[in-house]
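In this chain, residues are counted from 1 in sequence order.
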Amino acid sequence: MSPRRTETGGRIDRLRTIRFTFDGAPYTGHAGDTLASALLANGVTLFGRSFKYHRPRGVLTAGVEEPNALVTVLRGEVREPNIPATMVEIYDRLAAMSQNRFPSLAWDVNAINQLGGKLLSAGFYYKTFMGPVVGPLKGTRFWMFCEHFIRRAAGLGKAGTAPDTARYERMNAFCDVLVVGSGPAGLMAARAAADQGARVILAELEPHFGGSANWSGETIDGMPAADWAARAAGQLEGHDNVRLLPRTTVWGYYDGNTLAAIERVTDHKETPDKGEPRHRYWTIRAKSVVLATGSLERPLVFPGNDRPGVMLAHAAERYANEYGVLPGHRVALFTNNDSAYRAALALKKAGAAVVAIVDARPELSSEMRKLAGETEAEIFSGHAVIATEGGKALSGFKVQRFDMASGALSGDARSIHADCLLMSGGWSPTIHLASQAGAKAEWNEALQAFLPPKPTTRQWIGAGAFTGSFSTAEAIAEGRAAGLSAAGATATPAALPAVGAAPGDPDPAPVFEIKAAGKSFVDFQHDVTADDVRLAHREGFVSVEHLKRYTTLGMATDQGKSSNIPGLAIMAEALGKPIPQVGTTRFRPPFSAVSIGSLAAERFGDLKPERLTPMHDWHVANGATMYSAGLWYRPMIYGHPGETIEQAYVREARATRESAGIVDVSTLGKIAVQGPDAAEFLDRVYTNMFSTLAVGKARYGLMLREDGLAFDDGTTWRLGEQDFLMTTTTANAGKVMQHLEYFLDVIWPELKVHVTSVTDQWAGAAIGGPNARQILAACVSGTAVDNAALPFMGIVHGEIAGVPVMICRLSFSGEMAFEVYSGAGYGTHVWEALIEAGKPFGLVTYGLEALGTLRIEKGHVTGAEIDGRTTGRDLHLDWMLSKKKPFIGSAMMDREGLIAPDRLELVGIVSLDNQPLNGGAHIVEELDEANPHGSLGHITACCYSPALGKYIALALVKGGKARRGTRAYVSDPLRNRFGPVEIVSNHFFDPDGSRMHG
């Protein structure tokens, strides 16, 4: 028998033993245990270390709100940190580790932080931004010094680097009624709605339906509440119109009654069944929602309230009744309400010795005195706990007489020996989803808690403890009424299940904090103390939102589920205002942690397309280093042994300028625009004219968005009077297609035009350089390719190696260049024929790095410059803005802000210290490494230029054209790169275009 496992009781399967490890040590538990309950049963009290002070921490709760007992779960090489041990169902060979400690949980050297005192008080990391001056460390230099240590200390668990091999799924569901929570209220709501024929989904975050019925020790309909709940869930399972979702957390409430949920399908299994995902992400669209999410017990704030062995009263009751585990042998309670007395009685029945009940209230009801008498505990009414004793486990505590009205302590303190102290500071309804739906919480003075407001529409309906109705009888009645209302039926009188429950008033006394010497914790995980809250008040952070961010109260993984109300109460007292005037923070999704894998689901791996060009296999076979460019895989370089990336692309770009190079351009967006009104349509889409374009010619075009900002550029070829082939940038192919379809379908439906994406139908190769024409002439038949037959922007049709091809003379590299298109199935055949023809001329294949180098040298723009913030004028493309016709964006492009003289304009940048430049680095007039400021703009693309023998870049700079010929500095503090530069024209190489047109 485990040290703290009861001989009988609980809902675990005592006949099935499960073996697992924690921090490498072997333990056993039973089927139905959580990691927390199993470790408690084995006598483990130390579960983790706190974030800031590295104080020893034990388990505080029994559910999703757990702030202390966070673990890392290991599955092979995959590790998942920050999982509450209270939510981990044990399985054979489960391996879990504690977190935020070194070298071990028992002996953590960082516990020395507890000596930091005021140095680590609220906002300590913000204050490092401002100083103090320590020798040469002044201003931001002190922050730079501290940043390294703060970042190393940040976080709790350590994220893994191994790929996650688990599968994830996404599901869409539609229902008439979604019931969130399956306690007595939720079960009654689901049954009432189902009986009306409504399609019902019942979601429960725990493995078993029933909620509090599983551990309350009450009776419903003459049977144990847990049995009643199991029977009710079984009856619902038999309904064809009901879907039951256990282990499913509804974590987000969005517009239109759309809710997000995550189902933990196989986290409780050693090995998933064939085809099972680990998590399933649900998007649920419901006509009506019943929120029966229950409530969360609050801790009391007093010195030493974080010591292992101090936990919430209801958690201890749950461990005893549901898991057959005693949280301690000598148990005491500290409360301001009646609910703790039921917990005391439950622990007494389970075999614990209840040594004391400390109640902050001076007077107790006769019912509570009777319950206390049954526990045989010593009663301390009108007293408070002022300190706890022990190291890594509780050994005792001190009590003192307490005046609830004034908060004053009096008399001598008395020490009491106990290994477990349970606390109860009242209950907070779990209103998170209602808050996400737009409801503003309302303060209830009697319950000392925020309740959801009465809904003004049928968007959602509340029931049970969610509405502040804490008795099971009230929950059952409200649940039935809510289910009927959600299904559109009228509530009628009916016989409801009888409930046998211990008496008690759930209304707590307005006691949140006991002011005594020592650290009193409000937020356990982030080590926020009551003094931190008062410090925030003294320093002016009095808004609840500012308080949250300055102290990090409620910003831990538990999101303040148990700490928010005590923190607000302490701030309210400091302000001298009632709690409702101080308010509460707005709850935002997710309610609890959501795996990123579930959000991506099938869109990652299984169903995400890996787009490969027709020549992909050739690239791989011939030494290309491939990388992802959007969805496409493209060659980065064709490296030689021992070459760096820079050496490879410089060699490729130089060879192209000297002789010829060929690059795969199959990824360019290609859209067939056809119909009687195709030319008129293109005139409206592009800023320049296309109706005047001759058949057999191409033209460079610029598109704007409706707001006048640049959208995309590319060439469009006129293949016939009513037949055009539009090319777009690789990244914007889909967006341009959507753009065209929108205007044809919505704005100009009268135009007789059809657009078709033909990107995948064409393989493309661009061949450029001084010898490009000779190489083409050596392998093309059926057409001449001289200047007369194929002038700049001309189009011809011919054959290469027996394959029909279409060739257009245009250039992205600044060299004489040609784009050769063939059917996708013949792409590699044509590519190899071009390479064979180019061998006598030293033709090289080049990748995206060299392609970028050639375009930067020439000053051509791509998506890095057309970034959604630039105009045609900013990019020196104003010559393309037609004054003869309107076009998309023409009405907005002359707005005052878009023609301001200090706008960012495209320029060239030359490094004057012969050091590389970085994309995103800022350009400044005055260099200040200690306090970078005064940005004029930023670098958009950079490279080493073999044509110039220098490091160069394109940049967007304020008033850039007027700054040409001046000097400035590059300022890149993140990469510690500072140095002088010269601002020049963006046309570094062959500005007059003689090489391209020669």
Side-chain angles (χ1 to χ4, degrees), residues 4-6 8-12 32-34 36-38 40-41 45 58-66 69 86 183-184 206 208 210-220 224-227 229 294-300 309-359 367-368 371-372 374-377 418-428 465 470-472 475 499-506 508 562:
R4 292 187 176 179
R5 182 77 73 182
T6 60
T8 60
R11 295 173 55 79
I12 55 172
D33 265 325
T34 64
S37 68
L40 281 174
T45 57
V59 66
L60 180 72
T61 75
V64 69
E65 72 273 26
E66 175 59 37
T86 52
E206 297 283 353
H208 306 289
S212 63
N214 288 322
W215 50 266
S216 66
E218 298 173 340
T219 61
I220 303 177
D227 294 342
S295 59
L296 301 172
E297 193 172 23
R298 301 190 296 254
L300 289 163
V310 180
M311 69 170 60
L312 296 177
H314 96 279
E317 181 182 12
R318 182 174 178 185
Y319 285 122
N321 287 346
E322 188 169 359
Y323 301 108
V325 173
L326 293 178
H329 294 293
R330 290 180 57 84
V331 178
L333 290 92
F334 178 29
T335 184
N336 65 1
N337 67 90
D338 289 354
S339 65
Y341 288 80
R342 188 183 73 182
L345 187 58
L347 290 168
K348 175 66 176 178
K349 291 178 178 178
V354 181
V355 296
I357 298 178
V358 182
D359 198 318
E367 291 91 345
M368 292 306 102
L371 285 180
E374 293 180 37
T375 67
E376 301 179 1
D419 58 5
C420 181
L421 175 62
L422 311 181
M423 55 182 171
S424 178
W427 296 81
S428 296
F470 292 114
S471 77
T472 301
V499 178
D505 184 353
S562 58

Treating Tyr319 as the side-chain partner and His314 as the backbone partner, does any N or O pair qualify as donor plus acceptor under 3.5 Å?
no
So, taking the atom named CG in Leu40 and the one named CE in Met311, what distance separates them when rounded to the nearest 0.5 Å?
5.0 Å
Check whether any side-chain heavy atom of Ser562 sits under 4.5 Å from a side-chain heavy atom of Leu296, and report yes or no.
no
One pair to check against side chain to side chain contact (heavy atoms under 4.5 Å, CB included): Ser212 and Glu218. What are the steps and the verdict?
CA-CA 9 Å; Ser212 63; Glu218 298 173 340; 6.0 Å; no
Looking at Ala332 and Val355, what are the two nearest heavy atoms and their distance?
CB-CG2, 4.0 Å
For the pair Asp419 (side chain) and Arg330 (backbone), establish whether a donor and an acceptor sit closer than 3.5 Å, ignoring hydrogens and angles.
yes
Taking atom CG of Leu422 and atom CD1 of Ile357, what is their separation to the nearest 0.5 Å?
10.0 Å
Closest heavy-atom pair, Gly328 versus Cys420, reported as atoms and distance to 0.1 Å, is CA-CB, 3.9 Å
Test Asp359 against Tyr341 for side chain to side chain contact (heavy atoms under 4.5 Å, CB included), laying out the working first.
CA-CA 10 Å; Asp359 198 318; Tyr341 288 80; 2.7 Å; yes
Looking only at heavy atoms, which two atoms of Gly425 and Pro508 are closest? And how far apart?
O-CB, 4.3 Å
Separation between CG (Leu371) and NZ (Lys348), nearest 0.5 Å, reads 14.0 Å
Smallest heavy-atom separation, Glu317 atom then Ala346 atom, equals CG-CB, 3.9 Å
Asn321 (side chain) donor-acceptor with Trp215 (main chain) under 3.5 angstrom
yes
Do side-chain atoms of Arg11 reach the backbone of Glu322 as a donor and acceptor pair under 3.5 angstrom?
no
Using a 3.5 Å distance criterion without hydrogens, assess whether the side chain of Thr86 forms a donor-acceptor pair with backbone atoms of Ala62.
no
Rounded to the nearest 0.5 Å, how far apart are CZ of Phe470 and CG of Asp338?
13.0 Å
What is the minimum heavy-atom distance between Ala320 and Leu347, and which atoms define it?
CB-CD2, 3.8 Å
Indicate the atoms forming the closest heavy-atom contact of Val59 with Ala36, along with that distance.
CG2-CB, 4.2 Å
Does Arg4 reach the main-chain N or O of Val325 with its side chain, forming a donor-acceptor pair under 3.5 Å?
no
Nearest-0.5 Å distance that lies between atom CD in Glu65 and atom OG in Ser428
10.5 Å
Test your reading of the model: is there a side-chain donor-acceptor pair from Arg5 to the backbone of Tyr323, 3.5 Å cut-off?
yes
Could you tell me whether the side chain of Glu66 and the main chain of Leu60 form a donor-acceptor pair under 3.5 Å?
yes
What's the separation between atom CZ in Arg318 and atom CG in Leu312, rounded to the nearest 0.5 Å?
12.5 Å
With sequence neighbours excluded, tell me which residues meet side chain to side chain donor-acceptor pair (under 3.5 Å) with Trp427.
Ser339
